[in-house]
Chemist: 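One structure, pasted below without further comment.
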Number of protein chains: 2
Amino acid sequence: MSLNDLDERIVHALAEDARRTYADIGAEVGLSAPAVKRRVDRLRERGAITGFTVRVDPSALGWQTEGFIEMYCRSRTSPEDIHRALSHYPEVAAASTVTGEADALVQVFAADMRHFEAVLERIAGEPFVERTKSVLVLSPLLRRYTAGPPL
Amino acid sequence: MSLNDLDERIVHALAEDARRTYADIGAEVGLSAPAVKRRVDRLRERGAITGFTVRVDPSALGWQTEGFIEMYCRSRTSPEDIHRALSHYPEVAAASTVTGEADALVQVFAADMRHFEAVLERIAGEPFVERTKSVLVLSPLLRRYTAGPPL
DNA sequence: TATGAAAACTCTCAATC
DNA sequence: GATTGAGAGTTTTCATA
């Protein structure tokens, strides 16, 4: 699926500020407010837009420790097993199965190092996990919040 | 800084749907609409909420290849240098300096493998980059879009 | 299939208590 | 923090291309 230029500009506008008014976005892209709304509705139906969310500054909330955990799993561990286990961790922000030596890469936010360590130990203790390897984030340099392609 | 329970529930509601009305959120948390708005305004002022954005399904937009690139940089490369270079890449979704062998970890979204490879080569060609190591995402298992702590 | 204009409805937000 | 009310935004309808 590919969006046309108009859709792309609408999504771009929403990516910058999801609470902008349809009339405002319409003025930018050259459509009326109803026309913008209809396109947004259609993008949601098609699954291109999956929702609207708030951008939160983790450190402002007191969550100052971020890291990535590589999971090395027992053979015949399915992606579903990993998903099922990780979805229970509120500290897990993202997880993917990956190529390379590790089986999955998990992004974790924690309040502090103690908390991070506790999460790491719980994950390492999951029955299908053989070992883990983790790196801590020193400085978050860049974060584009659309969690997707450039718009 | 720590949010009180009410703030937390408001942020949680916005994380699920940033276009919900204040009255709607208020009904859930037990406040009037203006009271919710005042709290949201205050959270924005404090920097706990940095904005609102749209959740986009990368694959629905035709960006089907995701990967992480570890950057190994020349000594005396500053985080600012890395940030400056990477901010020009629309394909870079996130980047952080990290502990461990690599200096930085970069998340990249690309249309396809060809595109990913091109981005990788451009990054590897940056003057301060000595070498790179990359892994490709097989299945995105979990993605919480608040890019922050659990709410 | 997509648009714009208009009407009806809903929400926002500053003032006030 | 709640209530109020005017202004703003949303959403449906309808006519059009």
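As the structure is a computational prediction, the values presented were derived from the model and not from experiment. Below, all heavy atoms of this structure are taken into account, side chains as well, without hydrogens, waters or symmetry copies. In what follows, every chain begins at residue 1, and chains take the letters A, B, ... in the order their sequences are listed.
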Chemist: How close or far is atom C1' of C:dA2 from atom NZ of A:Lys37, stated in whole angstroms?
Modeler: 15 Å
Chemist: Whole Å only: how far is the OH atom of A:Tyr22 from the P atom of D:dT11?
Modeler: 6 Å
Chemist: Nearest whole angstrom, please: distance from the C1' of C:dT12 to the CZ of B:Arg20.
Modeler: 16 Å
Chemist: What are the two closest heavy atoms between A:Gly26 and A:Val36, and how far apart are they?
Modeler: CA-CG2, 3.5 Å
Chemist: Whether B:Asp81 and B:Arg84 form a salt bridge (side-chain N of Lys/Arg under 4.0 Å from carboxylate O of Asp/Glu) is what I want to check.
Modeler: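 Looking at B:Arg84 and B:Asp81, the cut-off is met.
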Chemist: Can you work out whether B:Asp41 or A:Leu31 has the more 5'-proximal nearest nucleotide on DNA chain C?
Modeler: A:Leu31
Chemist: Checking all strands, does A:Thr21 fall into the base, sugar-phosphate, or nothing category for heavy-atom contacts under 4.0 angstrom?
Modeler: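 Touches sugar-phosphate only.
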Chemist: Record whether the side chain of B:Arg39 comes under 3.5 Å of the base of D:dG1 through a donor-acceptor pair of N or O atoms.
Modeler: no
Chemist: It should be established whether B:Arg19 places a side-chain nitrogen or oxygen under 4.0 Å from OP1 or OP2 of nucleotide D:dG9.
Modeler: no
Chemist: How many whole angstroms separate atom CD of A:Glu45 from atom C1' of C:dT1?
Modeler: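 Rounded to the whole Å, the gap is 14 Å.
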Chemist: Provide, to the nearest angstrom, the distance between the CG atom belonging to A:Asn4 and the C1' atom belonging to C:dT3.
Modeler: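 Value for this atom pair: 14 Å.
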Chemist: Let's see if you can work this out: which of D:dT4, D:dT11, D:dG1 has an atom nearest to the side-chain heavy atoms of B:Pro34?
Modeler: D:dT4
Chemist: A:Leu6 has a side chain; which of D:dA2, C:dT3, D:dG9 sits nearest to it?
Modeler: C:dT3
Chemist: One thing to verify: whether B:Glu126 and B:Arg74 come together as a salt bridge, which I'm taking to mean a side-chain N less than 4.0 angstrom from a carboxylate O.
Modeler: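 No salt bridge links B:Arg74 with B:Glu126.
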Chemist: Rounded off to whole Å, could you give me the CZ-to-C1' distance for the A:Arg42 and C:dT3 pair?
Modeler: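 For the pair A:Arg42 CZ and C:dT3 C1', the rounded distance is 11 Å.
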Chemist: Could you tell me whether A:Arg143 sits above the aromatic face of A:Phe109, with NZ or CZ closer than 6.0 angstrom to the six-membered ring centre and within 45 degrees of the axis?
Modeler: no
Chemist: Within less than 4.0 Å of OP1 or OP2 of D:dT12, is there a side-chain N or O belonging to A:Arg38?
Modeler: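 Negative; the distance criterion is not met.
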Chemist: Write down the distance between CD1 (B:Ile25) and P (C:dC11), rounded to a whole number of angstrom.
Modeler: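 It is 12 Å, rounded to the nearest whole Å.
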Chemist: Starting at atom CG of A:Leu14, determine the distance to atom C1' of D:dG9, rounded to an integer number of angstrom.
Modeler: 15 Å
Chemist: Using salt bridge (charged side-chain N to carboxylate O under 4.0 Å, His left out), reason through A:Lys133 and A:Glu101 one step at a time and then give a plain yes or no.
Modeler: CA-CA 11 Å; A:Lys133 193 173 148 187; A:Glu101 291 167 49; 5.8 Å; no
